[in-house]
Amino acid sequence: MDRLIIRGGIPLRGEVEAAGAKNAALPEMVASLLTGESIQLHRVPQLGDVKTTIGLLSHLGVSVERRDRETLFLRADRISRFEAPYQLVKTMRASVLVLGPLLARFGRARVSLPGGCAIGTRPINLHLAALEKMGATVSLDAGYVEAKAPRLRGARITFDGQTVTGTENLMMAATLADGVTVLENAACEPEVADLAALLIRMGARIEGVGTPTISIEGVDHLHGAEHEVIPDRVETGTFMVVAAITGGDVTINRCVPCHLEAITEKLQETGVIVEETDWSIRVCGDGRVQGINIRTHPYPGFATDMQAQFMALMAIAQGSSVITETVFENRFMHVNELLRMGADIKVIGTTAFVQGVPMLSGAPVMATDLRASASLVLAGLAAQGITTVSRVYHLDRGYESIEQKLLGLGANIERVTE
Ligand code: EPU
């Protein structure tokens, strides 16, 4: 297992390029199941979760070819299996995204029910209830969800709560259904909109993308398409915090600043300078930031995927801050590790009370999920002394070449493989 060794205290400076978005690339790769023709995806990041998705799609019979570093060709003309096995769903919950497309195109799907996870219980009841509304028969057998439907039919579905992958699963299912499906209280995340853009290129009829009401008119067939994945707003946001937490000056290129408005506003509130062009963001830190309060929300609110990184920043801010997590019930796994580095944080329920300290000190730490690991890397970059971050495979699931990018900004960071 790899570890990252970070010697902190260096202000990071320079330019870095955003990778393609993990949470757009995964559903878009899965969307290839909706047609027997080729899907060509550009700007697919090289990540653990992309590898897992290639494994899952190959298991189903999709041919997947990486022609160059960033381009994938996917062709689902010989599907031989209709099941996402436990082994894969357990490592990556986004595997449940195959449910909608398999059911819509082949009339059947069997997907292992994801168990609990490091950040919360994360059930898929909303996906299943919505598919049932479209006429699917859903049953549970030996830990697997089995869904069947000769042909899904359009329906009006109001989600009980906003769900990103639930919206994506249903949107994909509805593209090949009989009639019109209206999704109410749908997720508005840019990754959902980007998936819709690909589906429209494949011949789907979708309206209301980016709003809570999405309407999909089913068609008989979808065809091949070429599409470029949007930039990763969470990776971009993480590098914005890199500049703020180290008192550095970092420009992130090839990003979409308007996808990060809530993050930018909060960073400005801490006192750092943020400058934007249409496709780049520059963040200049200058001494200790101010403590601020944060509450996570679905898009366009402050993303839960940025909460851990901001907590590392607040740990060394001037004054106190209150961070409330409203999306997942257990997303404070980084707190105990930050405490080991000298942070002063108290958690009551889903709220963390952070009293900023002047300095963190390096320590051996590890985390149990992706964004928590990112927050420990950030804390390590700011801390005095050496921080060793273990279980780097969590980071590798969602950040492309993170230590290479940080090295390029002047960090003292090294990967050690045991
Ligand atoms: N929920 C239910 N029932 C459902 C579905 C969701 O109760 O059927 C609850 C969840 O337990 C959670 C809330 O609804 O409390 C929101 O969950 P959502 O379904 O939106 O999350 P997701 O689709 O499983 C995606 C991202 C996550 C990101 C969340 C929230 C992908 C592949 N994953 O997960 O990304 O945190 O939306 O924005 O798109 C990450 O990249 O680190 C990551 C965890």
Side-chain angles (χ1 to χ4, degrees), residues 19-31 45 47-50 52-53 56 88-89 91-100 111 113-133 138 145 157-172 183 185-195 212 229-230 232-238 259 262-263 296-309 325-331 333-334 350 367-375 393-400 402:
K22 166 177 86 77
N23 290 346
L26 303 182
E28 287 166 9
M29 291 167 68
V30 170
L47 301 172
D49 277 7
V50 166
T52 307
T53 307
L56 171 61
L88 290 169
V89 180
T91 15
M92 192 192 65
R93 306 174 62 83
S95 308
V96 301
L97 283 165
V98 301
L99 193 54
V111 173
L113 201 58
C117 134
I119 62 177
T121 51
R122 300 183 80 183
I124 57 163
N125 57 315
L126 302 176
H127 305 224
L128 301 181
L131 287 170
E132 278 181 326
K133 264 202 131 175
V138 177
V145 169
I157 293 157
T158 305
F159 286 109
D160 268 353
Q162 277 196 4
T163 160
V164 174
T165 48
T167 302
E168 292 167 346
N169 228 339
L170 267 293
M171 193 163 68
M172 289 192 277
L183 303 177
N185 198 23
C188 303
E189 269 67 6
E191 294 75 21
V192 177
D194 198 48
L195 169 65
V229 178
I230 51 166
D232 197 310
R233 64 194 164 99
V234 183
E235 187 207 26
T236 302
T238 303
H259 290 167
I263 305 301
T296 64
H297 283 291
Y299 189 85
F302 186 96
T304 172
D305 290 342
M306 284 300 301
Q307 177 259 110
Q309 299 89 317
E325 173 59 61
T326 74
V327 179
F328 291 108
E329 68 275 20
N330 188 27
R331 212 173 191 183
M333 302 302 281
H334 40 288
T350 52
T368 43
D369 83 86
L370 167 58
R371 309 303 171 189
S373 305
S375 89
Y393 58 86
H394 287 299
L395 274 172
D396 293 337
R397 284 186 60 181
Y399 289 91
E400 188 180 76
I402 187 157

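Order of listing sets the numbers, starting from 1, for every ligand and every atom in it.
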* Can you tell which part of Asp369 has a heavy atom less than 4.0 Å from ligand 1: side chain, backbone, both or neither? -> neither
* Structure fact -> Within 4.0 Å of some non-hydrogen atom of Leu370, the atoms of ligand 1 are 42 (O)
* Any sub-3.5 Å donor-acceptor pair from Asp194's side-chain atoms to Ala24's backbone N or O? -> no
* To do: Determine yes or no for a side-chain-to-main-chain donor-acceptor pair under 3.5 angstrom, with Gln309 supplying the side chain and Asp305 the backbone.
  => yes
* Examine the proximity of ligand 1 to Arg93 and report which part, side chain or backbone, both or neither, has a heavy atom under 4.0 Å away. => neither
* Which one holds for Asn125 and ligand 1: side chain close, backbone close, both close, or neither close, with close meaning a heavy atom under 4.0 Å? -> both
* To do: List every atom of ligand 1 that sits less than 4.0 Å from any heavy atom of Thr304, numbering the atoms from 1 in the order shown and giving each element.
  => 30 (C), 36 (O), 38 (O)
* **Donor-acceptor pair, side chain of Glu325 and main chain of Phe328, under 3.5 angstrom** => yes
* Compare Ile124, Thr165, Thr296, Val327 and give the one whose heavy atom is closest to atom 22 (P) of ligand 1. => Thr165
* Asked: Can you find a non-hydrogen atom of Gln162 under 4.0 Å from ligand 1?
  -> yes
* **Shortest reach to atom 44 (C) of ligand 1 by a heavy atom, considering only Lys22, Glu191, Arg331** => Arg331
* Asked: Would you find a donor on one side and an acceptor on the other, under 3.5 Å apart, between the side chain of Thr326 and the backbone of Thr296?
  -> yes
* To do: Taking only heavy atoms of His127 into account, list the atoms of ligand 1 that are under 4.0 Å away from them.
  => 8 (O)
* Asked: Hey, does Arg371 come in under 3.5 Å of ligand 1, counting only N/O atoms on both sides?
  -> yes
* Would you say His127 and Glu168 make side-chain contact, with heavy atoms under 4.5 Å? -> no
* Structure fact -> Contact region, Arg397 to ligand 1, non-hydrogen atoms below 4.0 Å, reads neither
* Check: Thr52 side chain, Gly48 main-chain N or O, donor-acceptor pair, under 3.5 Å -> yes
* Nearest heavy atom to atom 5 (C) of ligand 1: which of Pro123, Ser373, Ala24, Gly166 does it belong to? -> Pro123
* Asked: Of all residues at least two apart in sequence or in a different chain, which pass the side chain to side chain contact (heavy atoms under 4.5 Å, CB included) check with Asp49?
  -> Lys22, Leu26, Met92, Arg397
* Backbone or side-chain N or O of Val164 under 3.5 Å from ligand 1 N or O -> yes
* Shortest non-hydrogen contact between Pro114 and Val96, atoms and distance -> CG-CG1, 3.8 Å
* Identity of the nearest option to atom 19 (O) of ligand 1, non-hydrogen atoms only, from Thr163, Asp305, Asp49 -> Thr163
* Residues in side-chain hydrogen bond (donor to acceptor under 3.5 Å, both in side chains) contact with Glu191, at least two apart in sequence or another chain -> Arg233
